[in-house]
Amino acid sequence: MEQKIKLTEDQVNSFRIKTKEDLEQYRLQFISKKGVIATLFEELKSLSAEEKKLAGKMLNDLKKLSEEKFFLAQEAFESTKLSASEDIDLTLPVTPNKTGSYHPLNLTRYRIIEIFERLGFNVEDGPEIEDDWHNFTALNFPESHPAREMQDTFFIEKNPDILLRTHTSNVQIRLMKDRKPPFRAIMPGRVYRNEAISARAHCFFHQVEGLYVDKNVGFSDLKQTLYHFTKEMFGKDTKIRLRPSYFPFTEPSAEIDISCLICHGQGCNVCKYSGWVEIAGSGMVHPEVLRHCNIDPEEYTGFAFGMGIERITMLRHRINDLRLFSENDIRFLKQFKATY
Ligand code: DAH
């Protein structure tokens with residue numbers, strides 16, 4: 001059939017249009033009323049119905065291809081003509097398009113979410129202005145317990161107390177009170193503490209809370225989940241260590257350390273020469289906390305964890321001063337990725 005057409009895509013494609021004269025030659029040869037394509041359409045009439053169908057399609061495709069090439073080339077010549085007449089220097093570099101970049105804390109937050117979403121965790125949200133019950137009492141901080149002292153914050157109202165939440169653990173309570181188990185969620189957000197601002201502390205920072213409550217959830221689930229997380233987040237050679245600790249809302253409780261990414265366990269000022277850096281608090285949800293949320297601890301168990309987004313970002317990007325995150329210095333911010 002192609003022999004009957006006597007024209008191929010290659011012939012159209014290989015015609016070089018470098019000058020306006022070439023363009024005119026091309027037009028005459030392919031597009032004009034006396035050009036090859038028009039002539040071939042004439043010849044089509046002499047073919048059998050069967051042949052006409054196939055050859056017609058091929059010819060139409062060729063017509064489209066050759067016309068597209070013509071219009072593109074024509075347009076290119078027209079736009080250069082315009083530039084030349086306006087005396088524009090086409091070799092000048094273009095003004096870059098300033099797109100901005102993601103805040104490093106957001107980059108870390110997105111990455112954490114990505115890792116946990118693949119493990120089946122939902123993302124949940126809760127209020128930053130919270131009452132005493134959700135921030136402390138339901139989490140098993142007895143009134144006047146010293147643990148409350150460690151989380152002094154800013155009070156909006158006293159008696160009953162309305163405050164800026166000291167951690168994202170309040171979202172655990174809101175989730176468990178409002179819905180029925182099982183729960184598998186992470187809860188990122190901003191938290192507040194009444195602390196003097198320094199390179200290592202700030203009056204606000206960010207955490208990601210995690211909660212997994214179901215039948216038969218054990219400490220091994222906690223360990224494996226966080227083990228998987230650290231490998232994904234910091235690389236497969238990262239080691240993890242669980243250190244016994246105390247939180248009123250978990251029993252047993254553990255602090256999660258990872259091997260120092262800066263000195264790889266050799267000892268440096270980031271890990272205070274211990275080779276380990278703490279990244280999260282964790283533990284098995286205290287039965288009393290479940291009871292406060294009307295969940296039967298005989299039927300359900302769960303683990304929880306809370307990690308600092310600033311701390312993880314500082315480790316990831318070797319940042320040594322917490323204040324950089326909130327100073328909005330463009331020289332700092334523009335070092336991070338513009339796309340995620
Ligand atoms: N809320 C704790 C804090 O801000 C962190 C934490 C520790 C959260 C253990 C948890 C947990 O969910 O299980 O210091």
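Quick caveat: nothing in here was measured; it's all calculated off a predicted structure. Atoms within each ligand, like the ligands themselves, are counted from 1 in listed order. In what follows, every heavy atom counts, from backbone to side chain, and hydrogens, waters and symmetry copies are set aside.
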So if I count the atoms of ligand 1 from 1 in the order they appear, which ones are less than 4.0 Å from some heavy atom of [X]?
X	result
T250	13 (O)
Q207	3 (C), 4 (O)
G281	7 (C), 9 (C), 11 (C)
S169	1 (N), 8 (C)
G283	13 (O)
F247	7 (C), 9 (C)
Q172	12 (O)

- Query: Given the side-chain rings of F116 and F305, with only the six-membered ring counted for Trp, is the space between their centroids under 6.0 Å?
  - Reply: yes

- Query: Ring centroid separation for F336 and Y102, is it under 6.0 angstrom?
  - Reply: no

- Trace of the side chain to side chain contact (heavy atoms under 4.5 Å, CB included) decision for R165 with T153: CA-CA 7 Å; R165 67 174 175 192; T153 181; over 6 Å; no

- So which of N170, T166, D131, D161 actually passes side chain to side chain contact (heavy atoms under 4.5 Å, CB included) with F136? T166

Is [Y] close to [X] at the side-chain level, that is, under 4.5 Å between some pair of heavy atoms?
X	Y	result
S66	I31	yes
D132	R148	yes
R193	H167	yes

- Task: Specify side chain, backbone, both or neither for F305, according to which of its non-hydrogen atoms lie closer than 4.0 Å to ligand 1.
- Result: backbone

- Would you kindly specify which portion of R193 sits under 4.0 Å from ligand 1, judged on non-hydrogen atoms: side chain, backbone, both or neither? side chain

- Task: Could you find the nearest protein heavy atom to atom 11 (C) of ligand 1 and give me its residue, atom name and distance?
- Result: F249 CE1, 3.4 Å

- Protein heavy-atom partner closest to atom 12 (O) of ligand 1 - residue, atom, separation in Å: E209 OE2, 2.6 Å

- Task: Return the orientation label for the Y26 and F30 ring planes: parallel under 30°, perpendicular over 60°, tilted otherwise.
- Result: tilted

